[in-house]
J.: 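Just dropping this structure here.
Numbering of ligands and ligand atoms starts at 1, following listing order. In what follows, residues are counted from 1 in the order of the sequence shown. These figures come from a predicted structure and were not determined experimentally.
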Amino acid sequence: METRQTLIVLDFGGQYNQLIARRVREHNVYCELLPYTTPTAKLLEKKPIGIIFTGGPSNTYDESAPKVEKELIKSGVPILGICYGCQLIADLEGGVVGQGAREYGRQKLNVSSSLLFDGVKKESLCWMSHTNYVEKLPDGFVVTATTPTCPVAAMENTARGLYGVQFHPEVMHTEEGEKILRNFLYNVCGAKGDWTMGNFASRTISALKEKIGDKKVLCALSGGVDSAVAATLVHKACPNLICVYVDHGLMRKNETEEIVRVFRDEQGMNLIAVDAGERFLKKLKGVTEPEKKRKIIGAEFIKVFEEEAKKIGAVDYLVQGTIYPDVIESGLGAGAKIKSHHNVGGLPDVVDFKEIVEPLRDLFKDEVRACGFEIGLPSSIVMRQPFPGPGLGIRIIGEVTAEKVGILQEADWIFREEIAKAGLDKEIWQYFAVLTNVQTVGVMGDERTYDRVCGIRAVTSVDGMTADWARIPYDVLEIISSRIVNEVKGINRVAYDITSKPPATIEWE
Ligand code: XMP
């Protein structure tokens with residue numbers, strides 16, 4: 001098998017670093033985001049076609065400034081330094097880095113002829129975010145771009161394959177950024193564009209076939225996209241995969257049926273669906289505190305799974321849906337946060353297995369989705385909205401009862417149906433209904449009602465870390481409100497949440 005080309009994105013702590021890696025992948029080039037502390041020999045062992053030095057908050061003249069060994073720059077591997085990365089190249093090559101330029105936001109960029117600017121407009125807008133800048137070029141370098149306030153917006157030494165840009169080509173506000181990155185990858189590094197999800201799926205399936213063969217594999221399917229894609233890849237490679245899906249009774253309307261239909265009926269997987277709703281409700285009886293509910297649901301989930309795993313007996317492999325951001329976050333040590341999703345977190349402790357397989361550990365979320373489509377999963381699974389592990393358990397405020405779950409499922413179903421009908425399902429990142437424990441007076445027909453308030457939440461976001469409330473048109477809101485109140489017994493009022501995150505969170509809990 002032909003080996004895949006690799007580019008390295010060397011992380012100096014900038015806020016856009018994962019974005020740079022994603023942008024490189026979007027150009028069909030596989031890349032790894034590695035900390036700047038990675039020894040040069042280890043980096044070169046990977047035989048990278050190129051290296052990108054990211055931005056970062058440091059000043060090259062600080063004693064503690066993150067640096068690389070000079071051998072890396074001298075290795076002959078093409079390097080593109082972005083922002084701090086550009087200043088670092090200048091510094092290591094004997095140039096001078098000036099202080100206090102303070103250039104933030106959009107700037108007019110003027111470029112001259114360069115492999116990097118092939119097909120790029122002579123004048124365009126770029127995004128700057130820096131205080132330091134390259135004041136004096138190192139020997140052998142030339143300036144290839146300027147802004148009105150930055151004399152070295154780009155520099156290069158083509159003979160050595162060293163390039164630097166002070167602006168950020170990875171952000172969308174840099175008009176020609178996509179072309180510039182592509183030029184570096186294809187014109188400078190000689191990329192072939194061999195990173196596609198079709199290639200990834202077929203390579204991964206072959207590798208899994210070879211590794212696992214007909215050994216016994218276990219996978220916990222949660223209904224989420226990561227475990228779904230991981231399980232399906234393994235299923236396509238191995239005859240002895242057993243999937244366990246624990247239905248805690250707190251899923252959205254029709255969700256369990258859809259999971260069983262797709263994985264058991266369409267994909268032909270050996271799927272054990274455990275109907276554990278009653279068990280969970282019993283445990284949740286009388287509990288109102290959200291963190292307590294989370295803990296109970298998480299612990300019960302592990303218990304149910306453990307019982308199933310015991311029935312299955314010892315397995316050779318346990319499949320986990322770990323994805324690349326989890327690997328980066330745990331690998332870089334900053335916060336050392338590993339996926340804490342309740343229904344995968346504790347499983348390795350309760351399953352008798354020899355090894356973990358993580359078929360998605362190289363993929364970003366958007367790549368997981370593309371891979372899902374590639375291997376034939378439907379959009380209902382691949383484009384599924386984020387959904388908390390404890391499910392509707394945390395979208396019912398106060399005590400969780402079977403009746404409330406039923407009410408919320410109906411309201412949520414109507415909300416989702418109307419959002420899709422209005423064609424808003426692609427632009428709104430996440431939308432769902434919440435059942436509050438507030439009751440208010442209403443009047444229906446000639447009768448007074450004293451029913452619950454249903455909250456509806458719809459947000460736009462990129463990663464769930466920050467979010468804004470979605471501007472749903474009034475007439476769509478009107479239909480949603482009217483349908484929920486008319487069709488769902490137990491709700492007589494609908495409130496739309498117009499709070500961003502921060503200060504609120506996305507879920508209500
Ligand atoms: P918050 O409410 O903290 O949520 O703004 C941010 C995003 O995370 C989702 N969420 C979870 N996802 N397991 C998950 O996999 C969980 O336990 C969990 N809790 C919240 C939430 O839906 C939103 O997208």
J.: Would G389 count as being in polar contact with ligand 1, using the rule that some N or O on each side must be under 3.5 angstrom apart?
T.: yes
J.: If you measure from each heavy atom of F432 to ligand 1, is any distance below 4.0 Å?
T.: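 F432: no contact with ligand 1 (<4.0 Å).
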J.: Would you mind telling me if ligand 1 is within reach of the side chain of P390, the backbone, both or neither, using heavy atoms under 4.0 Å?
T.: side chain
J.: Below 3.5 angstrom, do we get any N/O pair linking Q430 and ligand 1?
T.: yes
J.: Relative to ligand 1, is K501 under 4.0 angstrom through side chain, backbone, both or neither, heavy atoms considered?
T.: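 Under 4.0 Å from ligand 1, K501 contributes side-chain atoms alone.
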J.: Could an N or O of ligand 1 be found under 3.5 Å from any N or O of W429, whether backbone or side chain?
T.: no
J.: Quick one: which ligand 1 atoms are inside 4.0 Å of a heavy atom on R294?
T.: 16 (C), 17 (O), 18 (C), 19 (N), 20 (C)
J.: Does I506 reach ligand 1 with a nitrogen or oxygen that is under 3.5 Å from one of the ligand's nitrogen or oxygen atoms?
T.: yes
J.: Classify the angle between the aromatic ring planes of W195 and Y30 as parallel (below 30°), tilted (30 to 60°) or perpendicular (above 60°).
T.: tilted
J.: Please confirm whether R25 makes a cation-pi placement over Y324, using NZ or CZ under 6.0 Å from the six-membered ring centre and within 45° of the ring normal.
T.: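 The answer is yes; both the distance and angle limits are met.
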J.: Checking Y245 against T256: is there a side-chain donor and acceptor pair closer than 3.5 Å?
T.: yes
J.: For atom CE of M444, decide whether the heavy atoms of other residues, nucleotides or ligands shown that lie under 6.0 angstrom number more than 12.
T.: yes
J.: Just wondering, are more than 12 heavy atoms of other shown residues or ligands nearer than 6.0 Å to CD in E478?
T.: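 No - once you tally the heavy atoms of other residues, nucleotides and ligands closer than 6.0 Å, there are 12 at most.
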J.: For Y84 and F12, take the angle between the two ring planes, folded into 0 to 90°, and tell me which bin it lands in: parallel under 30, tilted 30 to 60, perpendicular over 60.
T.: tilted
J.: Distance-only, no hydrogens or angles: does the T174 side chain make a donor-acceptor pair with backbone N or O of E170 under 3.5 Å?
T.: no
J.: Counting heavy atoms only, name the option from G464, P388, G393 that's nearest to atom 18 (C) of ligand 1.
T.: P388
J.: Which atoms of ligand 1 are found less than 4.0 Å from any heavy atom of P386?
T.: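 Near P386, the atoms of ligand 1 are 24 (O).
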J.: Determine, using heavy atoms of M465 and all atoms of ligand 1, whether some pair is separated by less than 4.0 Å.
T.: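 For ligand 1, residue contact (heavy atoms, under 4.0 Å) with M465 is absent.
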J.: Kindly say whether Q5 contributes a backbone atom to a donor-acceptor pair with the side chain of D194 at under 3.5 angstrom?
T.: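 Judged by distance alone, yes, a pair lies under 3.5 Å.
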J.: Only heavy atoms of T505, strictly under 4.0 Å: list the atoms of ligand 1 that pass.
T.: 1 (P), 2 (O), 5 (O)
